[in-house]
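What you are looking at is a predicted structure, and each value in this text was computed from that prediction instead of being measured. For reference, positions follow the sequence shown, starting with 1.
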Amino acid sequence: RLSLMKKSSTALAVSLLLTIVSLSCRNTSACREASVGEPDSLSLLFTGDVLFDRGVRRTIEHRGAEWLFREVSPLFRQADAVVVNLECPLTEVHAPVHKQFVFRADPALAAVMRKAGVTHAAMANNHTNDQGRRGLVDTYDCLTDAGIQPLGYGSTMDEQLTPCIVEKGSQRVALFNAVMFSLENWHYLEGRPGISQSTAEELAEAVRAHKAAFPRDRVVCILHWGTEFQSHPSMQQRRQASILAAAASFDAATPTGFH
């Protein structure tokens, strides 16, 4: 794990916890070489929460959005796929959900992320819905228009739990995304645009079904869970983790949400 976290809130979007997950080797430098030289090597890079509002918005106004990624984009470009947890809606819609913290960011930032090397964005968290369902749909459209694959989004639970496949040569990785705690003033509605709010049991079953159909696929679960600002897992996390571990069908989990 490479920590680029800084204390300043204005550097939040740059302050990412990055993890390289290699499917063919363990050493980071070796993975980079293999990614370039060996077609059957696949490297994925996962970040923590990416937020473009609050203090980060002021930094964008003064320095430009590209400045935020100046130190991490070279690393991004060395990976075959870069998965961020997008912690705010990208929309012009002003329809804030009644909750304590509400975010919104310029839709043009999707193109900035893609230029920096981001390829996938996890949407299943507690802030992509901050501007309601229209804002959520806008965010999905902005990402896809920019060439970034959204995760954990759909109008039905089946769609939301359908993994995104990252493929290179003979290597395939299935990316699942879900938020694992209750969302403030937000309810799941079947048939309406939403994000994956599956239970641990539902996620485990989706992973098992995928592995049964594609036994050679590697599986990574991107989970938004935990208690904010706590360095140890909660009892709920422990219970959910035991359920997912019992499924014995996924290869890695990348948690976000506890800051």
Side-chain angles (χ1 to χ4, degrees), residues 1 17-26 31 42-49 81 83-87 120-126 128-129 149-167 170-184 186-190 194-259:
R1 176 174 288 184
L17 289 177
L18 306 179
T19 304
I20 295 284
V21 176
S22 170
L23 300 180
S24 57
C25 52
R26 298 178 182 177
C31 290
L42 174 61
S43 63
L44 290 86
L45 187 152
F46 298 88
T47 83
D49 301 340
V83 186
V84 304
N85 178 53
L86 181 61
E87 196 76 25
H120 298 72
M123 291 184 61
N125 57 57
N126 60 322
T128 50
N129 62 351
Q149 177 65 51
L151 308 176
Y153 172 88
S155 294
T156 67
M157 184 177 294
D158 285 344
E159 290 178 356
Q160 294 158 8
L161 281 176
T162 298
C164 174
I165 305 300
V166 181
E167 188 171 8
S170 63
Q171 299 282 0
R172 280 172 46 104
V173 180
L175 302 176
F176 288 83
N177 177 215
V179 55
M180 304 293 285
F181 51 78
S182 298
L183 300 181
E184 187 178 1
W186 182 267
H187 301 284
Y188 172 81
L189 295 176
E190 184 73 9
I195 52 178
S196 177
Q197 298 171 247
S198 64
T199 65
E201 291 85 354
E202 291 165 341
L203 177 57
E205 180 55 36
V207 172
R208 277 193 295 264
H210 182 84
K211 288 291 282 188
F214 304 97
R216 294 180 61 85
D217 281 11
R218 304 293 183 91
V219 173
V220 177
C221 294
I222 303 160
L223 307 176
H224 202 69
W225 65 349
T227 304
E228 291 187 354
F229 308 112
Q230 298 300 312
S231 58
H232 298 286
S234 66
M235 290 301 296
Q236 182 186 35
Q237 276 182 285
R238 293 177 185 273
R239 185 189 69 82
Q240 292 168 335
S242 66
I243 292 169
L244 292 172
S249 298
F250 68 95
D251 298 278
T254 62
T256 62
F258 43 84
H259 309 307

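Residues Tyr188 and Thr156 share a closest heavy-atom pair of OH-C, 3.6 Å. Scanning both residues, Thr47 and Val84, for their nearest heavy atoms gives OG1-CA, 3.3 Å. Between His210 and Ala174, the closest heavy-atom pair is NE2-CB, 3.4 Å. The heavy-atom pair separating Val220 from Phe46 by the smallest distance is CG1-CZ, 3.8 Å. The nearest pair of heavy atoms linking Gln197 to His187 is OE1-C, 4.3 Å. In plain terms, the two heavy atoms of Ser198 and Ala178 that are nearest each other are OG-CB, 3.6 Å.
With rounding to the nearest 0.5 Å, the separation of CE in Met180 from OG1 in Thr199 is 7.0 Å. Atom CG in Leu161 sits 6.0 Å away from atom CG in Leu203 (nearest 0.5 Å). To the nearest 0.5 Å, atom CD1 of residue Ile222 and atom CE of residue Met123 are 13.0 Å apart. Within the model, atoms CG of Leu175 and CD of Gln149 stand 9.5 Å from one another, a figure rounded to the nearest 0.5 Å. Atoms CG and OG, from Asn126 and Ser182 in turn, are 11.0 Å apart once rounded to the nearest 0.5 Å. Ser155 contributes atom OG, which lies 9.0 Å from atom CD of Glu190 (distance to the nearest 0.5 angstrom).
A 4.5 Å side-chain heavy-atom check between Gln236 and Trp225 finds every atom pair outside the cut-off. The side-chain heavy atoms of Leu223 and Leu244, taken from C-beta on, include a pair separated by under 4.5 Å. Contact check for Tyr153 versus Thr128: no side-chain heavy atoms found under the 4.5 Å cut-off. Looking only at side-chain heavy atoms (C-beta outward), Asn85 and Thr254 stay at 4.5 Å or farther from each other. Side-chain contact between Val219 and Pro163: absent, with no pair of heavy atoms (C-beta onward) separated by less than 4.5 Å.
Each of Arg218, Arg172, His120 was compared with Val166 under the side chain to side chain contact (heavy atoms under 4.5 Å, CB included) criterion, and only His120 meets it. Residue Ile195 forms a side chain to side chain contact (heavy atoms under 4.5 Å, CB included) with just one option from Leu183, Asn177, Asn125, and that option is Leu183.
Looking at residues two or more places apart in sequence or on another chain, you find a salt bridge (charged side-chain N to carboxylate O under 4.0 Å, His left out) between Glu205 and Arg208.
Between Arg216 and Glu167, no side-chain nitrogen of the basic residue sits less than 4.0 Å from a carboxylate oxygen of the acidic one, so the salt-bridge criterion is not met.
Note on ring orientation: taking the six-membered ring where Trp is involved, the planes of Phe181 and His224 are tilted (angle from 30° to 60°).
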